[in-house]
Amino acid sequence: PMTSSYWQLEQRRLGDDVAIPETVYDAVVLGGGIAGTAAAYYLQQARPSWRIALVEIRKLASGATGRNAGFLLAGTADHYAVAVERHGRD
């Protein structure tokens with residue numbers, strides 16, 4: 001017998017009202033944090049004709065990505081003004 005994927009099992013748990021599209025993609029990126037969204041973005045730039053899916057279980061940047069970005073301004077690295085002077089605003 002064939003094993004069910006996590007997403008198939010999750011749809012059964014949530015009920016039939018949750019639609020999971022049956023679409024063919026060229027690439028699927030799992031995780032909508034900084035790394036996942038950047039991967040999906042740059043893959044789309046490199047392969048514009050590809051159909052790319054970004055799968056996130058909650059909301060984009062809702063996990064560690066969303067919580068950790070503030071540390072850059074909180075002083076764990078150079079002071080923001082020093083970092084801008086040294087590396088540029090971009």
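Values below: all heavy atoms of this structure, side chains included; hydrogens, waters and symmetry mates excluded. Numbering of residues begins at 1 and proceeds along the displayed sequence.
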For R58, side chain to side chain donor-acceptor pair (under 3.5 Å) partners two or more places apart: none
Note: I52 and Y25 closest approach over all heavy atoms is C-CD2, 3.9 Å
Tabulate below the donor-acceptor pairs under 3.5 Å that side-chain atoms of residues 27-42 make, not counting sequence neighbours, or state none.
residue, atom, partner, partner atom, Å
T37, OG1, G33, O, 2.7
T37, OG1, I34, O, 3.3

Would you check, one step at a time, whether the test side-chain contact (heavy atoms from CB on, under 4.5 Å) holds for R51 with T23? CA-CA 9 Å; R51 295 182 59 142; T23 305; 2.9 Å; yes
